[in-house]
Amino acid sequence: MAEDPASSLRALRILSFLATQANPVSAVRIADAIDAPRSSTFRLLRGMQSLGFVTHLPELQAYALGIAALEIGQAFGIQVPLARFGRPVLERLVQRLGETAHLAVLHGHETLYIHEEASPFRPALVTAKNVRLPAHLTASGRVILAGLEQDQLKALFPPDYAFILRTGKGPTTHAEFLQQLAATRRQGFAREFGEVTEGLASIAKPVRDRTGRIVASIAVTHSYNTQPLALPAGLGDAPSQDVILAALERVTRELSRRLGWEP
């Protein structure tokens with residue numbers, strides 16, 4: 001998008017300016033606001049539009065913040081209280097189940113893991129803090145995506161979106177992807193089997209803010225081999241899906257209440 005450090009700085013100034021505007025703004029006004037030549041501002045806006053950081057409204061001949069910028073702002077604004085409130089919640093979840101759990105938000109079309117509570121009885125996972133994975137492959141991402149409006153989904157995953165795979169499993173077409181999200185909405189939770197790591201599955205449920213909007217998810221990862229790993233004495237058998245879902249329901253409701261949601 002940016003050709004040099006000056007262009008990068010101008011792109012940031014454009015984002016800062018648009019964030020203060022209640023309505024879409026013309027390119028000419030943007031150029032004046034950041035004190036840049038109009039020709040280079042037009043080129044920069046086109047590049048930012050291609051990446052989703054600004055949206056062009058042709059009927060108004062104006063620009064507004066795009067979905068990518070909005071998702072980054074949303075993730076930043078929610079991560080600090082989520083990490084602080086979520087840590088003890090995940091600790092209790094792992095103590096209850098003996099499986100690794102993680103807290104995630106949506107970052108564009110990726111799942112961003114902001115906290116992982118690792119089980120001492122399980123191997124390390126790829127979902128450590130600050131790791132990003134394709135949202136369409138993760139249970140954590142799907143359960144958040146299922147709460148988005150159709151226009152938001154279309155902006156993030158247009159019909160010609162190239163769905164990448166990690167293990168050869170997962171949606172490869174837009175229709176398959178939308179079917180998965182529809183099933184997630186009906187169920188109230190999302191699942192993935194070996195789409196991130198072969199032999200491991202995850203179950204995720206949504207976390208809501210005070211408005212009821214889904215802003216994050218909590219997921220539990222476990223083995224789905226025919227002979228699941230046994231837990232140490234005192235923890236009982238490896239948890240079933242029903243046990244995991246019941247535990248997830250409790251902790252996601254607890255964290256949502258901490259964020260101000262009253263069901």
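The basis for the numbers below is simple: all heavy atoms, side chains too, and nothing from hydrogens, waters or symmetry mates. From a predicted model like this one, the values you see are computed outputs, not experimental measurements.
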Please report the closest heavy-atom contact between [X] and [Y], naming both atoms and the distance.
X    : Y    : result
R10  : S40  : NH1-OG, 3.8 Å
A190 : R142 : CB-CB, 4.0 Å
L57  : P24  : CD1-CG, 3.3 Å
I144 : I214 : CA-CG2, 3.8 Å
T41  : A31  : OG1-CB, 3.5 Å
L93  : A101 : CD2-CB, 3.6 Å

Describe, in one word, how the ring planes of [X] and [Y] are oriented to each other, choosing from parallel (under 30°), tilted (30 to 60°) and perpendicular (over 60°).
X    : Y    : value
Y161 : H136 : perpendicular
Y63  : H56  : tilted
Y113 : H102 : perpendicular

Is the backbone of [Y] close enough, under 3.5 Å, to the side chain of [X] for a donor and an acceptor to pair up by distance?
X    : Y    : value
D32  : D35  : no
R38  : V28  : no
K205 : L245 : no
R210 : W261 : no
R185 : A146 : yes
H115 : R84  : no
T100 : S119 : yes
E149 : D151 : no

Are the side chains of [Y] and [X] in contact, using a 4.5 Å heavy-atom criterion?
X    : Y    : value
E192 : S140 : no
L148 : L156 : yes
V251 : R96  : no
H222 : P239 : no
L259 : L82  : yes
R29  : F17  : yes
L18  : I30  : yes
F193 : K169 : no

Result for side-chain hydrogen bond (donor to acceptor under 3.5 Å, both in side chains) between E254 and one of R250, R257, R258 points to R258
No-hydrogen, no-angle side-chain donor-acceptor test under 3.5 Å, S240 and D242: no
